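Owing to the predicted nature of the structure, the values given are computational and were not obtained by experimental measurement. Below, chains carry the letters A, B, ... as their sequence lines are ordered, and counting in each starts from 1.
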2 protein chains.
Amino acid sequence: MLTYSEENYLKTIFHLSLGQQQGISTNAIAAKIETKASSVTDMIKKLNEKKLIKYQKYQGVTLTAEGLLAAKMIVRKHRLWEVFLVDKLGFSWDEVHDVAEELEHIKSEKLINKLDAFLEYPTQDPHGDPIPNAKGEIKQVDKKLLSEVETNKIVICVGVKDSSSEFLQYLDKQKISLGSKIEITDIEPFDQSYTVKIDNHNITITKKIASNLFVKEQ
Amino acid sequence: MLTYSEENYLKTIFHLSLGQQQGISTNAIAAKIETKASSVTDMIKKLNEKKLIKYQKYQGVTLTAEGLLAAKMIVRKHRLWEVFLVDKLGFSWDEVHDVAEELEHIKSEKLINKLDAFLEYPTQDPHGDPIPNAKGEIKQVDKKLLSEVETNKIVICVGVKDSSSEFLQYLDKQKISLGSKIEITDIEPFDQSYTVKIDNHNITITKKIASNLFVKEQ
DNA sequence: ATTAAAATTTAGGCAAAGCTAAAAATATAT
DNA sequence: ATATATTTTTAGCTTTGCCTAAATTTTAAT
């Protein structure tokens, strides 16, 4: 049985490992969890003894198969609860993260599987991130950043890279949401600002915004 | 902000205080929480310093107004989650307690009030126990034990005194649920067993069963 | 190749919440 | 009323997860 804290470390290592070949550094974990490197070292030793991570002093850590599955189950719970909060309770997508951070630690497989069924087996959370199924399988949708799309191509917004409430609230303000039709009509060479058509209105966004929106071509 | 453990103590003191004038003893709390008396003394001191309980050495404890409200909010959360588990996720009434014990500690007033609305402001949990509203007010339904009802009077089952899964499963087996129409047709003087008519079937139950069923006359 | 900087680990401590064993206070029984 | 039993508290210890400060290892720079 994992403690609350152990679960948070596994989840964090999982997130930091995405698209990453090397081991995850102590400092990277400390930064993400907002704790001290020395605390991370302590926890790393514990997770290593439990065989949830592979660890050699000074070499960073990677998840073992068992640790990976545990991490995916936490992510699964987190994202299913987010769907619940948005779809059933009417939370907005920028409000759900913190509550889901607590809910993800509730220990009941039956609960999470019944919740999954109640929500009709969603495959994405409110930010477009994939929800692992009960076996830990993740259906990767192919998507790219808006900043990588060529001009005059119509794409659909399918996710956000940054899901801070600041960014999400900005998107709300600009009426950009999952499913929005987006077309880059122009990129200004001077400041790299993008003129884009969102559904039926035209706005200008910075490159930073374009680099945080996932879209799919279709 | 209360810790998980502090919340459990407050809730326990609340439950032990129901229909109780005197202070709650250290041993009573220890028995209910399944911990040692010395641990209870430690926690009592902490809750006393936080002014959530009134405590004098060797004299037992009572909740202060603030402690009482905090306890009611935990009970509110516990019971609302139970309703959610039964009504929305399809749990049976004997399965919900342990999961609700975890869910009751999720800290978000917004969450619980939205959940309340989603469930359409239920006033009772799946065992017939009253759900405090957002202000902590509890609507007491008047009810009595089946064992206190006279023969040949038709009553409605509105709650259970014991909500152990053993008892609840027994009730399921006997097709007794909240809302069941019950009439005592006979009490056997020799062993105090009751012959009762439940909705449309007749069964015999022991006095112990009759002493754990809440009913209302109507 | 050294040296300086950065990252990581170790050592030693703290607070929360539990425990055991012993001491103190209260309650009960003769 | 006194002795015994029960209850409660105190003292001191453990584990978890965090911390600071110092030591060590690795990395980067000249």
Handout entry: Backbone N/O of B:Thr64 and side chain of B:Lys51: donor-acceptor pair under 3.5 Å
Key = no

Exercise for the section: Quick one: do A:Asp94 and A:Ser92 satisfy side-chain hydrogen bond (donor to acceptor under 3.5 Å, both in side chains)? Show the steps, please. Expected result: CA-CA 6 Å; A:Asp94 61 297; A:Ser92 58; 2.8 Å; yes

Fill in the blank from the handout: In 5'-to-3' order, the base (B), backbone-only (S) or no-contact (-) status of each nucleotide in nucleotides 6-11 of chain C, using a 4.0 angstrom heavy-atom cut-off, is -SBBB-

Exercise for the section: Check ring pair (Phe, Tyr, Trp, His ring centres under 6.0 Å) between A:Tyr9 and all other residues, then give those that pass, not counting sequence neighbours. Expected result: none

Output the rounded distance in Å from [atom1] ([X]) to [atom2] ([N]).
| X | N | atom1 | atom2 | result |
| --- | --- | --- | --- | --- |
| B:Leu47 | C:dA16 | CG | P | 12 Å |
| B:Tyr4 | C:dA15 | OH | P | 25 Å |
| B:Met43 | C:dA15 | CE | P | 16 Å |
| A:Met1 | D:dT16 | CE | P | 15 Å |
| B:Lys36 | D:dT14 | NZ | P | 18 Å |
| B:Ile29 | C:dG18 | CD1 | C1' | 16 Å |
| B:Glu49 | C:dA16 | CD | P | 10 Å |

Problem - Exceeds 12 heavy-atom contacts within 6.0 angstrom, atom NZ of A:Lys114 - result: yes

Exercise for the section: With rounding to the nearest 0.5 Å, note down the distance linking CG in A:Asp125 to CG in A:Leu119. Expected result: 12.0 Å

Practice task
Kindly indicate whether a cation-pi arrangement holds for B:Lys88 with B:Phe118, taking the cut-offs as under 6.0 Å to the six-membered ring centre and within 45° of the axis.
Solution key: yes

